[in-house]
2 protein chains.
Amino acid sequence: MQVRQPTPAVQTLPSPGAIKVACSNCSLRELCLPMGLSPDELARVDAVITTRRKIKRKTPLFRNGERFHALYAIRTGVFKTCVVAEDGRDQVTGFQMAGEIVGLDGIVNDHHTCDAIALEDSEVCVLPFDRIGELSREVGALQHHLHRVMSREIVREHGVMLLLGTMRAEERLAAFLLNLVQRLQARGFSQSELVLRMTRQEIGSYLGLKLETVSRTFSRFAEEGLIEVHQRHVRILEVERLRALLTPAGAA
Amino acid sequence: MQVRQPTPAVQTLPSPGAIKVACSNCSLRELCLPMGLSPDELARVDAVITTRRKIKRKTPLFRNGERFHALYAIRTGVFKTCVVAEDGRDQVTGFQMAGEIVGLDGIVNDHHTCDAIALEDSEVCVLPFDRIGELSREVGALQHHLHRVMSREIVREHGVMLLLGTMRAEERLAAFLLNLVQRLQARGFSQSELVLRMTRQEIGSYLGLKLETVSRTFSRFAEEGLIEVHQRHVRILEVERLRALLTPAGAA
DNA sequence: CGAAAAGTTGATTGTCTTCAAAACTGGTGG
DNA sequence: CCACCAGTTTTGAAGACAATCAACTTTTCG
């Protein structure tokens with residue numbers, strides 16, 4: 001996602017010349033799995049995380065059915081994950097960005113149960129799961145982080161279930177936009193401007209809506225002066241009114 | 001849940017006189033966390049899991065906001081877990097039965113983020129999380145099981161998202177019933193008869209439907225001869241036609 | 001540059017929700 | 001033990017919201 005802020009928090013994301021491949025000098029360190037580790041613990045993690053993979057736009061990082069052997073930490077770019085039913089309908093289960101971990105679905109049966117597709121040219125760190133498992137037996141903080149990453153994903157999905165189960169179209173889209181800017185802000189981007197890396201169709205799939213409904217709801221938000229939309233470029237004009245959409249009647 | 005089969009697989013669930021409190025002689029051993037552990041590994045787990053808690057119907061095992069310190073393995077009974085938004089609307093995120101683990105949501109922030117409520121008088125084993133963590137550093141199989149339990153929950157929730165995002169009322173209810181009997185069957189109960197421990201309202205919350213819609217859909221299924229419904233007692237008459245509801249057009 | 005993909009907007013339909021009333025169930029106390 | 005009452009369930013009628021169908025515009029990318 002885009003629109004870098006003048007006063008950024010965590011930065012130097014792209015690092016084009018690419019220095020050493022190591023968590024210890026990765027700008028996402030404090031957002032990613034090795035968050036809060038001591039220097040020597042970090043060194044041990046570095047020893048395990050040796051490979052990166054570049055994933056081209058519209059290309060899978062992994063696919064449903066593939067053997068699971070690693071988690072992936074996103075360095076740059078954005079991914080979507082989606083599950084498909086036997087009859088072909090599919091559901092986007094999430095959009096992941098820098099510092100987030102994908103692949104947790106593969107642990108339970110040693111095979112991935114969803115697709116992870118890059119929405120733009122991206123780069124991930126490969127975290128071989130058995131090595132991570134071994135190391136986390138020795139480094140307590142890492143073990144706890146791993147548990148937290150999985151637990152966080154469970155809690156996130158609870159939120160999505162709430163959204164899908166109880167919200168109307170406007171509320172869903174408002175929640176979606178607010179979640180997005182919040183995560184972007186944590187990465188040093190603007191809290192009011194964003195570039196969607198996904199199509200209306202993909203947003204709709206995530207939110208349990210048809211693409212036409214997403215489009216219409218964007219238009220309505222724009223008419224009401226809540227946001228400004230130019231294709232995938234969105235500027236949030238009135239965060240508070242957008243937030244208010246999520247607490248319709250009496251906020252407890 | 002009910003209706004014990006004449007030819008049961010895993011059984012003696014209630015154990016009324018209550019023998020020793022130990023995974024090693026628990027009938028749910030092969031369904032629960034210690035699945036597949038060796039006898040001496042099992043003994044070490046026994047040392048950590050020393051307490052049980054009885055939870056009365058309609059009573060919370062834990063509540064949103066409470067400090068997290070343990071996972072719970074359900075021994076008998078059924079629970080629901082639900083999240084609530086600030087504005088009060090709530091969403092049932094799952095129904096859990098014997099052998100299943102609840103409380104994973106609490107790991108990430110050391111506080112529970114949902115309520116777990118007993119739907120009938122129930123009993124759980126308390127798994128102190130720090131002790132489990134310690135032990136899983138030494139017992140590799142336990143570590144892996146714990147990871148699998150969390151991953152399984154993530155995958156389960158993907159399925160719920162697919163349901164909430166793409167299915168119509170009939171499909172949702174069919175999926176719900178089929179999931180329920182499948183899990184009951186794995187526990188030695190009938191694959192065609194079940195007693196719902198939850199209200200229409202709770203089913204509706206889980207499925208993203210209003211209780212009236214759930215009721216109507218039950219009635220429609222009954223009219224069509226798919227099931228027989230007497231209050232919370234459900235008998236499945238035509239599993240195949242029920243399954244067929246889930247693959248509407250062309251099954252891939 | 002041209003074709004394919006993505007997005008917008010309108011009209012109509014369908015499904016589920018809402019509102020309402022009545023019937024049933026199960027638990028409690030007289 | 002029975003009556004009663006709150007909670008649950010069923011069913012109907014009307015209304016709302018999003019889906020569908022369709023046409024057209026804009027953008028993207030080879």
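Just so it is clear, the structure is predicted and the values come from calculations on it, not from any experiment. A, B, ... follow the sequence lines: proteins, then strands. Residue 1 opens every chain.
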- Query: So, is B:R232 near the phosphate of D:dT9, with a side-chain N or O under 4.0 Å from OP1 or OP2?
  - Reply: yes
- Message: Would you say that B:C26 contacts B:R75 through its side chain, given a criterion of any heavy-atom pair below 4.5 Å between the two side chains?
- Response: yes
- Item | Residues which pass side chain to side chain contact (heavy atoms under 4.5 Å, CB included) with B:R243, listed by chain and number, not counting sequence neighbours | B:L178, B:V239, B:E240
- Estimated bend of the helix from C:dC1-D:dG30 to C:dG30-D:dC1 (axis per five terminal pairs, rounded to 10 degrees): 50°
- Message: I need the CZ-C1' distance between B:R200 and D:dG7, as an integer number of Å.
- Response: 13 Å
- Message: Heavy atoms within less than 4.0 Å of DNA chain C: which residues of residues 202-212 of chain A have one? Give them sorted by number.
- Response: A:L211, A:E212
- Start and end of chain B contact along DNA chain C [non-hydrogen atoms, under 4.0 Å]: C:dC16 to C:dT25
- Query: Between B:R156 and B:T93, what is the shortest heavy-atom contact and its length?
  - Reply: NH2-O, 2.9 Å
- Query: Tell me the salt bridge (Lys or Arg N to Asp or Glu O under 4.0 Å) pairs involving residues 199-209 of chain B, sequence neighbours left out?
  - Reply: B:K80-B:E202
- Query: Is a donor on one side and an acceptor on the other found under 3.5 Å between the side chain of B:E193 and the backbone of B:S190?
  - Reply: no
- Note on the structure: side-chain contact (heavy atoms from CB on, under 4.5 Å) with B:L242: of B:L237, B:L173, B:I236, B:V181, only one passes, and it is B:I236
- Residue pairs passing the salt bridge (Lys or Arg N to Asp or Glu O under 4.0 Å) test with at least one member in residues 206-224 of chain A, sequence neighbours excluded, are A:E170-A:R220
- Message: How many whole angstroms separate atom CG of B:L196 from atom C1' of D:dT8?
- Response: 13 Å
Name the atoms and distances for all side-chain donor-acceptor pairs under 3.5 Å in residues 158-166 of chain B, with sequence neighbours left out.
residue	atom	partner	partner atom	Å
B:H158	NE2	A:E157	OE2	3.0
B:T166	OG1	B:L162	O	2.8

- Are the aromatic rings of B:F62 and B:H112 close, with centres under 6.0 Å apart? yes
- Task: Mind checking side chain to side chain contact (heavy atoms under 4.5 Å, CB included) for A:K56 and listing every partner two or more places apart, or none if nothing turns up?
- Result: A:T59, A:D121
- Can you name the residues that form a salt bridge (Lys or Arg N to Asp or Glu O under 4.0 Å) with A:R63, not counting sequence neighbours? A:D115
- Message: Within the supplied structure, the quantity of interest is the number of heavy atoms (other residues, nucleotides, ligands) at a distance under 6.0 Å from B:R57 CZ; does it exceed 12?
- Response: no
- Contacts of A:E238 that satisfy side chain to side chain contact (heavy atoms under 4.5 Å, CB included) - sequence neighbours left out: A:L226, A:R241
- Query: Just by protein heavy atoms under 4.0 Å, how would nucleotides 25-30 of chain D read 5' to 3' in B, S and -?
  - Reply: --S-S-
- Give me the residues of residues 213-221 of chain B where at least one heavy atom lies under 4.0 Å from an atom of DNA chain D, by number, or none. B:S215, B:R216, B:S219
- Task: Show your working on side chain to side chain donor-acceptor pair (under 3.5 Å) between B:T76 and B:S122 and close with a plain yes or no.
- Result: CA-CA 5 Å; B:T76 62; B:S122 303; 5.6 Å; no
- Mind checking whether B:F95 and B:F79 have ring centres under 6.0 Å apart? no
- Rounded to the Å, how far apart are A:L173 CG and D:dC17 P? 16 Å
